Visitor: 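Please read through the structure below; I'll follow up with questions.
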Number of protein chains: 2
Amino acid sequence: MTQKIDFLSKNQQIVLEIIEKAKEPLKAYSILFSVQKKGIKAPPQVYRALDRLIKLGKIHKIESKNAFVACKNDSCTISNATAFSICDSCEMVTEISNPKLSKYLANFQDKTGMRYNKYNLEFFGLCKKCKK
Amino acid sequence: MTQKIDFLSKNQQIVLEIIEKAKEPLKAYSILFSVQKKGIKAPPQVYRALDRLIKLGKIHKIESKNAFVACKNDSCTISNATAFSICDSCEMVTEISNPKLSKYLANFQDKTGMRYNKYNLEFFGLCKKCKK
DNA sequence: ATAAAATTGTTATATTATAACAATGCGTAA
DNA sequence: TTACGCATTGTTATAATATAACAATTTTAT
């Protein structure tokens, strides 16, 4: 039987918790370091948990940073439509939750007629604090 | 003085040429392998050329694949607004060049009021061939 | 021509991620 | 119950991606 979709294993819970607590996106190996006291010892354990949490939509990967953030959107159970705002200076990352944008992108069609089932958008700039 | 913006060094030309010839996005180490006969021997040489070519807008990095493609848009001299269509099955990648989309994204403002100077968008799905 | 600055070459190593297999747990049919 | 099959977790090793640090060379300004 495949794992129930709403069940998190111990490792998955540990990894999720640390990502949720963090104010910044976390790198896989910094997660590994933090959770070693809890018995997670090796990279594959972290990467497996990350993969699973991504599939469940509990976290997202910031591709340009190879880092992971918790999904702020409670209703997000599958992460097929993501948009982030990233500050080039302080590296702050926030998930953009904008219905117009999601609708626009979900309905976007290019001339090839290819149909998309997933997208990821990353915006870069300076956040208000850093612009001052 | 900093390097003139339209001048490519030998290594940069070699790397650009191989990326332009390729039908698929190329990985850094596959580029390295291909250009070793031309005298490029070590990773930093490839990565420097890639960085420079990206800044010039001659190539783009597909973040979700850690791979590099040539920019198809001749007028692209700075790569601050990119959008790609990626097939999950055959891994084909095409750059989307759609004025409406670029305009929409360039003008996008989220509620924080943060102003963006760059974005990268990656769409995933099945291309026409693979959908059949 | 020569010093300063920038670029390129080279070695080594850091960082990110996965393959491969062993150990463990877990449902289920006999 | 038990033992078989299968999924999950643990472990070791290594692959793949990327950069730091410094030496050699080339370019530029004077």
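Atoms considered below: every heavy atom in the structure, side chains included; atoms not considered: hydrogens, waters and symmetry mates. Numbers restart at 1 for each chain; the letters A, B, ... are given by sequence-line order, proteins then strands. Here the structure is a predicted model, which is why all the values come from computation and not from measurement.
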Visitor: Whether A:Tyr47 contacts C:dT18 is assessed here as follows: a side-chain N or O lying under 4.0 Å from the phosphate OP1 or OP2. Is that the case?
Guide: no
Visitor: Rounding to an integer number of Å, can you tell me how far B:Phe68 CZ sits from D:dA18 C1'?
Guide: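 So the CZ-C1' distance, B:Phe68 to D:dA18, works out to 9 Å.
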Visitor: Below the 4.0 Å mark, does C:dT7 have OP1 or OP2 next to a side-chain nitrogen or oxygen of B:Asn11?
Guide: no
Visitor: Ignoring backbone atoms, test whether A:Ser9 places a side-chain nitrogen or oxygen under 4.0 Å from the OP1 or OP2 oxygen of D:dT9.
Guide: yes
Visitor: In terms of relative ring orientation, are A:Tyr104 and B:Tyr104 parallel, tilted or perpendicular, with 30° and 60° separating the classes?
Guide: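 Geometry flag for B:Tyr104 against A:Tyr104: parallel rings.
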Visitor: Between B:Lys10 (NZ) and D:dT25 (P), how many Å, whole number?
Guide: 15 Å
Visitor: Is there a side-chain contact (heavy atoms from CB on, under 4.5 Å) between A:Ser64 and A:Phe124? Walk through the geometry before answering.
Guide: CA-CA 10 Å; A:Ser64 60; A:Phe124 304 87; 3.6 Å; yes
Visitor: Under 4.0 angstrom, heavy atoms only, what part of the nucleic acid is B:Lys61 near: base, sugar-phosphate, or nothing?
Guide: sugar-phosphate
Visitor: Within the structure provided, determine whether B:Leu121 and B:Ile96 are in side-chain contact (heavy-atom separation under 4.5 Å).
Guide: no
Visitor: Using a strict 4.0 Å threshold on nitrogen-to-oxygen distance, state whether A:Glu122 and A:Lys65 make a salt bridge.
Guide: no
Visitor: If a pair satisfies salt bridge (charged side-chain N to carboxylate O under 4.0 Å, His left out) and one of its residues is in residues 18-31 of chain B, list it, with sequence neighbours excluded.
Guide: B:Glu17-B:Lys21
Visitor: Please check the phosphate of C:dT16 (OP1 and OP2 only) for any side-chain N or O of B:Asn66 closer than 4.0 Å.
Guide: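 No, because none of the side-chain N or O atoms of B:Asn66 sits under 4.0 Å from OP1 or OP2 of C:dT16.
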Visitor: Just the rounded figure in Å: distance from C1' of C:dT10 to CD of B:Gln36.
Guide: 13 Å
Visitor: What is the distance, to the nearest angstrom, from the CD1 atom on A:Ile54 to the P atom on C:dT18?
Guide: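 Spelled out: CD1 on A:Ile54 to P on C:dT18 is 10 Å.
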Visitor: Answer whether the closest heavy-atom distance between the side chains of B:Ser85 and A:Asp110 falls below 4.5 Å.
Guide: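 In contact.
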Visitor: Would you mind reading off the distance between A:Gln12 atom CD and D:dA7 atom P, rounded to a whole angstrom?
Guide: 16 Å
Visitor: Enumerate the residues from residues 20-34 of chain B whose closest heavy atom to DNA chain D is under 4.0 Å, giving them by residue number; use none for an empty result.
Guide: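 Here the set is B:Lys27, B:Tyr29.
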Visitor: If you define the side chain from C-beta out and look only at heavy atoms, does anything of A:Lys129 sit under 4.5 Å from A:Met92?
Guide: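 A side-chain contact is absent here, since even the closest heavy-atom pair is not under 4.5 Å.
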Visitor: At a heavy-atom distance below 4.0 Å, what parts of residues 37-46 of chain A sit against DNA chain D?
Guide: A:Lys41, A:Ala42, A:Pro44, A:Gln45
Visitor: Grab the CG-C1' distance between B:Leu50 and D:dT17 for me, whole Å please.
Guide: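 Distance check: B:Leu50 CG to D:dT17 C1' gives 12 Å.
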Visitor: Look at the side chain of B:Arg48 and decide which nucleotide, out of D:dA21, D:dG10, C:dT16, has an atom nearest to it.
Guide: D:dA21
Visitor: Test side-chain contact (heavy atoms from CB on, under 4.5 Å) on B:Phe68 and B:Val15 and set out the steps.
Guide: CA-CA 10 Å; B:Phe68 304 85; B:Val15 169; over 6 Å; no
Visitor: How far apart are the closest heavy atoms of B:Leu26 and B:Ile19, and which atoms are they?
Guide: CD1-CA, 4.0 Å
Visitor: Between P on C:dG25 and CZ on A:Phe7, what's the gap in Å once rounded to a whole number?
Guide: 14 Å
